[in-house]
Trainee: 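Structure in structure tokens, see below.
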Amino acid sequence: MSTADVCAAILWAGVTLYAIFGGADFGAGVWDLLADLHITGRAGARPRISAERVRGQIDRSIGPVWEANHVWLIFVLVVLWTAFPTAFSAVMTTLYIPLALAALGIVLRGSGFAFRHALPGPVQRRATTVFGISSVLTPFFMGTVVGAIASGEVPAAGDGDPTGSWIGFLPLVTGVLFVLVAAYTAAIFLVRDSGAAGDQDLRDYFAGRALVAAVIAGAAAVVGVIALHADARYVYDGLTSWPGIALVIVSGVCGLAALGLLLSGRSLGLRMAAVGAGTAVIWGYFAAAFPYMLPTSLKISDAAGASATLTEVIIVFAVAAVTVVPALILLYTLSQRQALEGYSATSDTTSPRQ
Amino acid sequence: MEGFVPSIADASSNLLAARSQMGFTLGFHIVLACFGVAFPAIMLIAEWRGRKRNDEAALRLARNWSKAVAVMFAVGAVSGTVLTFEFGLLWPRFMDRFGDAFGVAFAIEGIFFFLEAIFIAIYIYGWDRLSPRAHMWAAVPIVVSGVGGAFSVIAANSWMNQPQGFTLDSSGNVTNVKPLEVLTNSAAGYEFLHMLLAAYMVAGFLLASVYAVGMLRGRRDRYHRLGLIIPLSVAAIATPFQLLVGDTAARAIADDQPAKFAGMECVYEGGPDQTEYIYGRCVDGKVKDGIGIPGLDSFLVGFSKNTDVTGLNEIPKNERPPANTMLHWSFDTMVGIATLLSLLALWFAIAWYRKRDLPQTRWFLRGVAVSGVATVVALECGWIVTEVGRQPWIVQGYMRTSEAVTPAQGIWWVFGLTLAIYAALAVIAVVVLRGLSLRWQAGREEEAELPYSPPPEAPPAEGSA
Ligand code: HDD
Ligand code: HEM
Ligand code: HEM
């Protein structure tokens, strides 16, 4: 493995972590948006869960970690422009429209979330809506970016078609898929968090949503495979031959395991299985695209910057691994313990806030 | 899809749009960044004092401040994320050619952002949940990563002013990068110190001015007094050092970036015995309506009237910085505000030394009340000197800003939208912070729900106010 490949692996690790943790944050926003939507279903079959209760759990789950989760995006961008400046500029000069829209979504989402409780009533509802809608749009546009890259629409020299590159079958399907997978991951995380807080009703609520999201995402994934076949033959071939196929199978097994755990009402291993399914498919893509950074137009080795810089990126990553990772683990453990504490104080009221 | 992207085809207009966009978003972010860098330290001082002396007012301040930090950090983080995108969206050619030369600074910055975001969350969540010792220790990484983060970003910026630590091969690609030399380029030292002190001054004076307004309105309890004294002391200590560092910066620029220096001082004809002009318009190769002090400019640069100062006439026309009057006014305003602030700090220091108390006149409080905004003005002026003064270069001597800009269309539209959104953000942030302070005045500390803060059912830790 060359230093460029190691840097690419670092980049992919960042992408994976952002996809999982950032994705779960976006997905929580999706459920936040849908919290007002009451699926009445069979009359009185289940106790109705108020939107406040759902939003309360979402706040407790992502409140302490959303900021840190989004630093992964900064990490990805910075490693990309430092280690692979050519790829960075090619992507930026081609896909600037969806990227700018994603940036807009990030601004609206962050501020909507941060301010929604501090604002007076009517404005607060609006901030909540902004938070929800931008939680859908941001992963969608990020998905179109990934889809456009996979379909080879980004020329190595940049300045590709600013609209045609991402308004296409595969990019749009990928965008939808990103939103669905984010919602699914978030529902799984929320199942675990509300279960740990001892709120069985809420756990069932999110488990139901996770199942629905899983089914729709599964259907979208089938469309995605067709789109890959049509628009991204190189990646498709990579995913259907060794080693891509192995990762696809791992992903499928994990996904089925998660489904089984969900149906049988178990929490143990649920998050692991869901995260495993996501991670395997992401790495399946990387394996399929290898040795390309931008499939069929730019190879990892050609995109790489000066060699001393690559070494430096690896060193910085090693430092990050020994400083940031323990700190993140500390934060996640503390926040899980506290979500529990904060909740048990009022666990028998339906609306823990206000 | 022709009509989809509004077409303002003129390339120079594109450049202006991109520069406006970059300058505005940076100018917005930097105010919040100052709080991100310096506010945690001020908050930690208050907490430390509160715990050590069992000082309830100080502890309340620290606790309330941490909520304000949460709001500002959230806005700082989104506006910073926008900047990261903008590097690629607005200046793709710059990143393509030089990303691997100065990117390492940003990679290091990433570590500090992580640590800052993580420990801010722990700190705010931990008020009732961690032991006092553990809680105070949780603030230390925030303070350290504020300093480290400022260093890394400024290392990147100072590298744009003094590009070092790389060579170009025959086709103009960066090779032979020496990351350590990039980080320690000859402008990094003074720029970093100047920015760090500026951050402590901005946070200190601005915070103190909030409490000065409260005291002017008759709220003279211990809570308000401490709320003024703690941040003001921090800012007052930083101010004299800032003058020294700023002076060093100016001299270094006279040597290393003579075009910038000539622009900000309006030096047209190079040579010894230069007049220092205070304000004045820079037109037709002369300074009009300014107050001129003969020989002072040369003296300030080299401690002698005979010091030779480069003039704009010695610099090729297409390498001269634009907007001379604005540069000159920005520089003079920064120095002028610095001078006034140091007088304010001196006044405070003398009163404190003699009576262990604030000066007893309303004029002092009025001075503190305007010092916050004044410091922000100085900060923005400084950045205008640095960034506009470097023009037409994006990387001094290596790449012109016009070569770096994206050909993408529609930036004016984006800029308009950005203005609207950021204005709304600023208004909301101020409304929220003001709402907080009203609640604190009414002694209703626990009602506010904020980003990072635990749900309000957490039991209040201190007695009622
Ligand atoms: C609190 C704000 C503040 C105050 C009171 C001052 N400055 Fe400043 N100045 C800044 C805040 C600032 C800054 C943080 O905005 C800049 C922009 C880039 C930098 O490194 O610091 C700056 C830049 C800057 C530059 C350009 C640096 C460059 O291009 O690399 C010079 C020459 C000075 N300053 C000089 C001074 C002098 C002589 C001062 C007082 C006697 C002074 N500054 C007070
Ligand atoms: C945060 C404080 C900063 C402020 C207020 C600021 C201000 C500005 C302004 C006013 C411009 C427009 C220049 C013009 O129109 O002539 C500009 C441009 C720019 N700045 Fe800064 N700047 C800051 C920090 C930085 C830093 C830390 C970096 C990089 C590490 C940076 C990189 C750039 C770039 C790439 C441009 C565009 C090219 C140019 O016009 O020079 N800036 N900035
Ligand atoms: C003088 C210049 C700057 C300083 C001192 C500075 C400092 C800071 C600080 C302290 C934060 C933490 C959030 C806060 O409390 O506000 C922050 C956030 C951020 N800044 Fe800046 N910044 C500067 C300029 C820039 C520039 C030019 C960029 C663009 C690359 C940038 C990118 C970011 C990003 C991405 C974040 C969000 C990190 C997070 O999510 O925690 N900053 N900045």
Trainee: Quick one: of A/Ala68, A/Ala102, A/Ser307, who has the most non-hydrogen atom pairs under 4.5 Å with chain B?
Mentor: A/Ala68
Trainee: For A/Leu77, is it the side chain, the backbone, both, or neither that has a heavy atom closer than 4.5 Å to a heavy atom of chain B?
Mentor: side chain
Trainee: Aromatic rings B/Trp127 and B/His135: how do their planes relate, parallel, tilted or perpendicular, breaks at 30° and 60°?
Mentor: tilted
Trainee: Mind running side chain to side chain contact (heavy atoms under 4.5 Å, CB included) on B/Gln164 and B/Thr184 for me, showing each step along the way?
Mentor: CA-CA 9 Å; B/Gln164 284 157 8; B/Thr184 57; over 6 Å; no
Trainee: In terms of relative ring orientation, are B/Phe98 and B/Phe94 parallel, tilted or perpendicular, with 30° and 60° separating the classes?
Mentor: tilted
Trainee: For B/Pro407, is it the side chain, the backbone, both, or neither that has a heavy atom closer than 4.5 Å to a heavy atom of chain A?
Mentor: side chain
Trainee: With a 4.5 angstrom heavy-atom cut-off, is it the side chain or the backbone of B/Phe119 that approaches chain A, or both, or neither?
Mentor: side chain
Trainee: Do A/Met293 and A/Val154 pass the side chain to side chain contact (heavy atoms under 4.5 Å, CB included) test, and can you show the C-alpha distance, the side-chain angles, and the key distance before you say yes or no?
Mentor: CA-CA 11 Å; A/Met293 172 134 283; A/Val154 180; over 6 Å; no
Trainee: Just so I understand: if I count every heavy-atom pair under 4.5 Å between each of B/Ile108, B/Asn173, B/Val414, B/Val177 and chain A, which residue has the most?
Mentor: B/Val177
Trainee: Side chain from CB out, backbone as N, CA, C, O: work out which of these in A/Val79 comes under 4.5 Å of a heavy atom of chain B, or both, or neither.
Mentor: neither
Trainee: A/Leu310 versus chain B, heavy atoms under 4.5 Å apart: side chain, backbone, both or neither?
Mentor: neither
Trainee: Any idea which of B/Thr175, B/Asn176, B/Thr406, B/Leu115 has the most non-hydrogen atom pairs under 4.5 angstrom with chain A?
Mentor: B/Leu115
Trainee: Need one label for A/Leu104: side chain, backbone, both or neither, based on atoms under 4.5 Å from any heavy atom in chain B.
Mentor: side chain
Trainee: Looking at CD1 of B/Ile118 and CD of B/Glu116, how far apart are the two atoms once the value is rounded to the nearest 0.5 Å?
Mentor: 11.0 Å
Trainee: Determine the option with the most heavy-atom pairs under 4.5 angstrom with chain A, choosing from B/Ala408, B/Ala105, B/Gly110.
Mentor: B/Ala408
Trainee: Regarding B/Thr418 and B/Gln21, is there a side-chain donor-to-acceptor distance under 3.5 Å anywhere?
Mentor: yes
Trainee: Most heavy-atom pairs under 4.5 angstrom with chain B, which of A/Thr323, A/Leu73, A/Leu328, A/Val313?
Mentor: A/Leu328
Trainee: In terms of the angle between their ring planes, are A/Phe317 and A/Phe75 parallel, tilted or perpendicular, with boundaries placed at 30° and 60°?
Mentor: tilted
Trainee: With a 4.5 angstrom heavy-atom cut-off, which part of A/Val324 approaches chain B: side chain, backbone, both or neither?
Mentor: both
Trainee: Please flag which part of A/Ala83 lies under 4.5 Å from any non-hydrogen atom of chain B: side chain, backbone, both or neither.
Mentor: neither
Trainee: Let me confirm one number: the CG-CG distance from A/Asn69 to A/Asp25, rounded to the nearest 0.5 Å.
Mentor: 4.5 Å
Trainee: With a 4.5 angstrom heavy-atom cut-off, is it the side chain or the backbone of B/Ala429 that approaches chain A, or both, or neither?
Mentor: both
Trainee: Calculate, to the nearest 0.5 Å, the distance between atoms CZ and CG belonging to A/Phe88 and A/Leu11 respectively.
Mentor: 11.5 Å
